[in-house]
Every structure is written in C-alpha cells, then in structure tokens.
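Here's the structure, in structure tokens; my notes come after.
Not measured: the values here are computed from a predicted model. The chains referred to below are lettered A, B, ... by the order of the sequence lines, with proteins before strands, and numbering in each begins at 1.
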Number of protein chains: 2
Amino acid sequence: MSKEIDAVEWRSVCPMCSALDVIGDRWSLLIVRDLLIHGKRTYSDFLAFPEKISTNILASRLDLLTRLKLIERINPKGNARNNAFQLTESGKALRTVLEGLGKWAHTHLRDFHGGIAKIS
Amino acid sequence: MSKEIDAVEWRSVCPMCSALDVIGDRWSLLIVRDLLIHGKRTYSDFLAFPEKISTNILASRLDLLTRLKLIERINPKGNARNNAFQLTESGKALRTVLEGLGKWAHTHLRDFHGGIAKIS
DNA sequence: CCGCATCCGTTACGATACTG
DNA sequence: CAGTATCGTAACGGATGCGG
C-alpha cells in the first residue's frame with residue numbers, strides 16, 4: 001500500500017514561521033547537518049547518529065525533506081539499498097543558518113550544558 | 001501544587017544539536033522573533049500571534065526560555081499582570097539566525113507555499 | 001544484512017474551560 | 001489578564017517484522 005503523507009500545514013504567511021513549519025523539530029536539521037559535513041549519507045549512516053534517531057522518525061524525515069526538495073537521492077532510479085542522500089541547493093543554503101545556530105549554542109548554552117563540545 | 005518542569009535533556013555534546021534541544025520546536029523561535037521586532041511583549045501580545053499559540057504552550061515556552069535566560073521579565077518583582085518580557089543578550093544573539101531562517105524560507109519555500117509573505 | 005513499515009506505549013501538543 | 005487543569009489528539013521512540 002502506498003504511503004500517503006499529508007503536506008505541510010502552513011500556520012501563517014510569515015517566512016520565518018514557514019521555516020519552522022518545515023524544520024522546526026528536533027531532527028530535520030541534524031540530518032542536514034550531517035549532509036553538510038559528509039556530502040552524502042545513507043540510511044544507516046543517519047541511524048548511527050550519536051543522538052540515536054529511531055527508524056520510523058528517520059524514514060518520515062527523509063521523506064519530508066525529499067518532498068520539500070532539501071535533499072535528494074543520489075541515484076533516484078537505483079535500488080534503495082546503499083543508496084545515499086545528498087543536499088539540494090535549497091538544503092545547502094541552510095549552511096549559514098546551521099553554523100549560526102551552532103555558534104550561538106556554543107556561546108550561550110555553555111552554562112546549562114555540562115559537556116558541550118567544540119563546533120563540529 | 002508547585003509546577004516542576006524538568007531541565008532540558010541534552011542528546012549529545014554537539015552544539016548544533018543542543019541548540020535544537022532548546023529551540024527545536026515550532027514555537028520558541030516565534031516568541032523570540034516577536035521580541036526582536038517589538039522589544040517587549042506581554043503574555044496577551046503573544047496570544048495574539050496570527051499562528052494562534054495556545055495558553056498552556058505559551059506558558060511552558062515562556063517558562064523554559066526564561067530558565068535558559070533567553071528572555072526575562074522586565075519587572076521581575078512586579079505583579080504578573082501586564083508584566084512584559086524582553087530578550088536577554090543571549091536571546092538577542094539569535095537575531096542573525098532568525099533573519100537567516102526567514103531569508104532561506106522566503107527563497108527556498110516559495111514553491112511549496114501559496115501565500116508566503118515578505119520578510120517581516 | 002539494509003531499508004524501511006508497523007505496532008504500541010509514552011510523551012508533547014492543542015483547544016477549551018476554568019481560577020485568582 | 002495571566003496563567004492552570006483537563007482531556008482528546010498527534011508526534012515521538014523503541015521493538016520488531018519483512019521484502020529485496
């Protein structure tokens with residue numbers, strides 16, 4: 001049976017809010033982060049996150065990010081096995097935002113976080 | 001009975017991930033957005049969001065953001081009534097991130113969003 | 001094995017009613 | 001006005017199954 005996942009529901013016309021409608025969750029940007037660092041990643045690469053994403057969440061995020069064209073399969077027609085994902089131009093455009101977030105956390109979350117690491 | 005809200009649970013030592021542990025949800029950054037624009041806002045100002053945040057979510061976010069020192073009450077010892085919030089330095093430091101997010105959405109989410117508006 | 005989908009218990013969210 | 005209590009719903013998270 002074909003999976004039918006609903007479209008994103010936009011809460012308002014504010015672009016910032018629309019960004020949060022899409023990537024305002026705890027996992028989507030971590031997937032983008034990994035792709036920014038490594039260029040391409042497979043399903044099992046993502047599963048090896050130190051943050052331990054579960055399989056159903058990963059699958060749904062990959063699907064959503066694909067439909068929004070932030071990521072894409074490297075070999076769209078190929079077999080799913082060992083097929084990797086990479087960022088589209090839209091996904092790559094998140095680099096400065098992600099870097100800004102990381103720097104912000106590194107500077108301003110220090111006092112609340114015992115073992116915060118260097119910026120990766 | 002006194003409200004006891006747990007601390008943030010940090011998934012990893014990655015700063016970017018820690019940022020998402022804190023503001024990786026659909027509402028926190030919208031509160032920051034409003035404070036960046038208006039300087040200070042009351043509880044009812046936030047409730048007037050076009051995105052329609054509900055009262056319990058708003059209260060819990062304001063509490064969390066306060067404990068993380070991203071926002072603070074203007075008159076900490078005063079009565080709650082008509083008491084407004086403003087950003088701390090940590091909160092203000094999110095401006096560039098927020099602006100980046102807005103620009104990104106405006107550019108890359110156009111095709112998926114019927115009525116996306118100008119950058120506010 | 002790898003890439004998911006499914007089941008299921010738990011947690012977060014969201015709408016609404018209510019209190020000081 | 002500024003929250004809190006309640007409760008139904010949706011999302012999450014872990015375990016497991018299953019096709020290729």
A:Arg11 near the nucleic acid: base, sugar-phosphate alone, or nothing, with a heavy-atom cut-off under 4.0 Å? nothing
Inspect the contact between B:Glu72 and B:Lys40 and indicate whether a charged nitrogen and a carboxylate oxygen are less than 4.0 angstrom apart. no
Salt bridge check, B:Glu99 against B:Lys103: does any charged N sit closer than 4.0 Å to a carboxylate O? no
Just the rounded figure in Å: distance from [atom2] of [N] to [atom1] of [X].
{"X": "A:Leu62", "N": "C:dA5", "atom1": "CG", "atom2": "P", "answer": "10 Å"}
{"X": "A:Glu51", "N": "D:dG13", "atom1": "CD", "atom2": "P", "answer": "12 Å"}
{"X": "A:Ile74", "N": "C:dG3", "atom1": "CD1", "atom2": "P", "answer": "12 Å"}
{"X": "A:Asp63", "N": "C:dA5", "atom1": "CG", "atom2": "P", "answer": "8 Å"}
{"X": "A:Ile57", "N": "C:dA12", "atom1": "CD1", "atom2": "C1'", "answer": "12 Å"}
{"X": "A:Glu9", "N": "D:dA11", "atom1": "CD", "atom2": "C1'", "answer": "14 Å"}
{"X": "B:Asn79", "N": "D:dC1", "atom1": "CG", "atom2": "P", "answer": "14 Å"}
{"X": "B:Leu58", "N": "D:dT4", "atom1": "CG", "atom2": "C1'", "answer": "13 Å"}

Relative to each other, are the rings of B:Phe49 and B:Trp27 parallel, tilted or perpendicular (30° and 60° limits)? parallel
Please find the pair of heavy atoms, one from B:Leu29 and one from B:Leu98, that lie closest to each other, and give the distance. CD2-CD2, 3.5 Å
Candidates D:dA2, C:dC4, D:dA11 - which lies nearest the side chain of A:Arg61: D:dA11
Any idea which of D:dT4, C:dC4, D:dC12 is nearest the B:Ala59 side chain? D:dT4
Which distance, rounded to the nearest 0.5 Å, do you find between the [atom1] of [X] and the [atom2] of [Y]?
{"X": "A:Leu35", "Y": "A:Asp45", "atom1": "CG", "atom2": "CG", "value": "9.5 Å"}
{"X": "B:His38", "Y": "B:Arg33", "atom1": "NE2", "atom2": "CZ", "value": "9.0 Å"}
{"X": "B:Arg73", "Y": "B:Thr42", "atom1": "CZ", "atom2": "OG1", "value": "10.5 Å"}

Short of 4.0 Å, heavy atom to strand atom, which residues of residues 41-48 of chain A count as contacting DNA chain C? A:Thr42, A:Tyr43, A:Ser44
Among residues 19-29 of chain B, which ones have heavy-atom contacts with DNA chain C below 4.0 Å? B:Arg26, B:Trp27
Any chance the side chains of A:Thr66 and A:Asp63 put a donor and an acceptor closer than 3.5 Å? no
Pair B:Asp21-B:Ser18, side-chain donor/acceptor within less than 3.5 Å: no
Nucleic acid footprint by protein, nucleotides 15-20 of chain C - heavy-atom cut-off 4.0 Å, B for base, S for sugar-phosphate alone: BBB---
Could you check whether B:Arg61 makes a cation-pi contact with B:Phe46, meaning its NZ or CZ is under 6.0 Å from the centre of the six-membered ring and within 45° of the ring axis? no
Hydrophobic cluster membership, A:Leu87 vs A:Ile74, 4.5 Å side-chain cutoff: no
